[in-house]
Every structure is written in C-alpha cells, then in structure tokens.
Amino acid sequence: MRMKREWIWNEKRIVTAVVLWLFAVVCLGSMSVWKVLAQESGADSSGGAESGLMENSAADGQGLTEETPGTYTMAEGWCLDEEQSTEGVEVYRLETGEEGQETSTISCSYLETNYSRQDYEQLRDMLTNNLLYDNVDAQITTSAVYTLSMDYLYIILVDDSSEDYCDIYHYVVGDYQCFCVQVREYRQEAELAEAQEIDTPREVGQTVAEGFVWKK
C-alpha cells in the first residue's frame, strides 16, 4: 500500500514537471515573438519606442540647428551669385553685371586652422607661404589691421600683371578658424569705380571683413 502511494506521488511530480516545462517553452516563445515585433516596430526590449524615435529625430535634425560661426553684412549693390556659390562658399557679384559676364566677385567662407587667436603670427606665415607657392609669378603684398570688433585681420594681395584681375584675401582670425573674404577684382571695373568715386571691389571686401563679428 505504501509503494502504491509513493508511485502515485512520483507520477504527480512527473506530470507537474512536464506541465512546467511546457509552460516555460510557451513563455519563451512568446518573448521571442515580442522581441521580433519590437525590433520591427522600432521599440526596445523593454517595450518602449523612445530610443528609436530619439535617434531618428537627432539624425533628421542634424544640420537644422547648425549656425555659422559669425555674421557679416554685404554692401548694397552686390547680390548673391547662386551659380558660383557652393555649400561652404557664398559668392557675390555686382548687380549691374550681366549673367555669364566676367566680373569682380567677393567670396565669403570659413577656414579651419590649427592655430588659436594668440598664434596669429604662425597662421599669417602659413597663409602667406601657401599663396607664394601657388602664385610664383605674382607679386605678393601683405598688410594687417583690426576689425571693428578688434579681431586681427590679415590681408594678402596677389597681383599677377599678366592677368586682367588681381586677388585680395582677407582673413579674420578666430580660435582655430578664420573668416575669409576673397575678392577677385578686375582692373577695368576698379578703374571705373575710382572714376565714379565709389568703392572699388577690394574696398568693399575689406569693409565686409572689418565688419565681421564672431558669435560668442
């Protein structure tokens, strides 16, 4: 009688173990299905969908909150040349010029450097040497002033007598970056501006550079 009771007890334990095992299998299967559904819907394993949405928002918003390092004002009579402008360079020309005509331009852009404001002398030497190597037939003239915000402004004139224009580079020095104003001035237009007693393209470019303000 005792053996029969022990057998019945053991049989119950076996049945209970089998039931528990089946229940565990069902639960694990449900969890796997939920995990797959969560991955497909962008939700994390805890059931939330915020992680995926936040990453997407950051990716979609990249660039929308980016601001330029500073501000400048272009003189009246100069318009943005959309054909010559690129993502990193804004090119302006005289409004009186005809489309496709070679005319003086003023280009504004930013340049990353390895120099701080205090290292402006090393930056000046680097900029000058680069232009010397790139324009071996040109006469290089340098000068320096300060902007209205008291930032160091380095100016390099590249004049090749064989060309009907000259290039003037203006660099407003910041921490590990420069604001660059490049003027391509055609000699005939400069002479005409002087005869009309108005600012020449190089004078306009220097005024733009001197009025530049870095954002704090």
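Reckoned from all heavy atoms, side chains included, excluding hydrogens, waters and symmetry mates.
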Salt bridge (charged side-chain N to carboxylate O under 4.0 Å, His left out) contacts in which one or both residues fall within residues 165-177, not counting sequence neighbours: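 For residues 165-177, and leaving out neighbouring residues, the salt bridge (charged side-chain N to carboxylate O under 4.0 Å, His left out) pairs sorted by first residue read R117-D175, D167-R184.
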Any salt bridge (charged side-chain N to carboxylate O under 4.0 Å, His left out) involving residues 121-130? Give me the pairs, sequence neighbours left out, ordered by first then second residue.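 Checked against salt bridge (charged side-chain N to carboxylate O under 4.0 Å, His left out) - neighbours excluded - no pair reaches residues 121-130.
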Side chains of residues 204-212: which donor-acceptor pairs under 3.5 Å do they make with residues two or more places apart or in other chains?
unit_1: Q206; atom_1: NE2; unit_2: E210; atom_2: OE2; d: 3.0
unit_1: T207; atom_1: OG1; unit_2: E203; atom_2: O; d: 2.9

Go through the steps to decide whether F179 and Y171 satisfy the test ring-ring contact (aromatic ring centres under 6.0 Å, His included), and finish with yes or no. CA-CA 6 Å; F179 174 64; Y171 298 97; over 10 Å; no
Tell me the closest heavy-atom pair linking [X] and [Y], and the distance in Å.
X    : Y    : result
D159 : R187 : OD1-NH2, 2.8 Å
E102 : E189 : O-OE2, 4.3 Å
C108 : V181 : SG-CG2, 4.3 Å
Y152 : A144 : OH-CB, 3.4 Å

I155 and V145: side chain to side chain contact (heavy atoms under 4.5 Å, CB included), yes or no, with the steps? CA-CA 8 Å; I155 305 172; V145 295; 4.3 Å; yes
Verify same cluster id: [X], [Y] (apolar side-chain graph, 4.5 Å):
X    : Y    : answer
L132 : Y154 : yes
L80  : M74  : yes
Y72  : V91  : no

Once rounded to the nearest 0.5 Å, what's the spacing between atom [atom1] of [X] and atom [atom2] of [Y]?
X    : Y    : atom1 : atom2 : result
H170 : L157 : NE2   : CG    : 9.0 Å
L111 : Y169 : CG    : OH    : 12.0 Å
E185 : T200 : CD    : OG1   : 4.5 Å
M126 : D119 : CE    : CG    : 11.0 Å
Q139 : S161 : CD    : OG    : 8.5 Å
Y110 : C178 : OH    : SG    : 11.5 Å

Please examine the side chains of Y115 and V173, heavy atoms only from C-beta on, and report whether any two atoms are closer than 4.5 Å.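 A side-chain contact under 4.5 Å is absent here.
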With a 4.5 Å cut-off on side-chain heavy atoms, are K215 and T68 touching?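 Of all side-chain heavy-atom pairs linking K215 with T68, at least one is under 4.5 Å.
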Tell me, with the steps shown, if T113 and Q122 meet side chain to side chain contact (heavy atoms under 4.5 Å, CB included). CA-CA 11 Å; T113 73; Q122 295 176 320; over 6 Å; no
Quick check: are there more than 12 heavy atoms from other residues, nucleotides or ligands sitting under 6.0 Å from CD of Q188?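 Counting other residues, nucleotides and ligands, CD of Q188 stays at 12 neighbours or fewer.
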Would you say CD of Q196 has more than 12 non-hydrogen atoms from neighbouring residues, nucleotides or ligands within 6.0 angstrom?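 Correct, the count exceeds 12.
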Do side-chain atoms of S149 reach the backbone of D151 as a donor and acceptor pair under 3.5 angstrom?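 Checked: no pair found.
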Within the distance-only criterion (no hydrogens, no angle test), does the side chain of T142 pair as donor or acceptor with the backbone N or O of I156 below 3.5 angstrom?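 Not confirmed, T142 side chain does not pair with I156 backbone.
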Are side-chain N/O atoms of E90 and Y92 paired as donor and acceptor at under 3.5 Å?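 Yes, side-chain donor-acceptor contact under 3.5 Å.
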Please determine whether side chain to side chain donor-acceptor pair (under 3.5 Å) holds for the pair S162 and D160, giving the CA-CA distance in whole Å, both sets of side-chain angles, and the decisive distance to 0.1 Å. CA-CA 5 Å; S162 64; D160 186 345; 2.8 Å; yes
Verdict with supporting geometry, S104 and R93, side chain to side chain contact (heavy atoms under 4.5 Å, CB included): CA-CA 6 Å; S104 299; R93 61 175 176 81; over 6 Å; no
What do the steps show when you test W78 against I106 for side chain to side chain contact (heavy atoms under 4.5 Å, CB included), and what is the final call? CA-CA 9 Å; W78 291 78; I106 300 177; 3.8 Å; yes
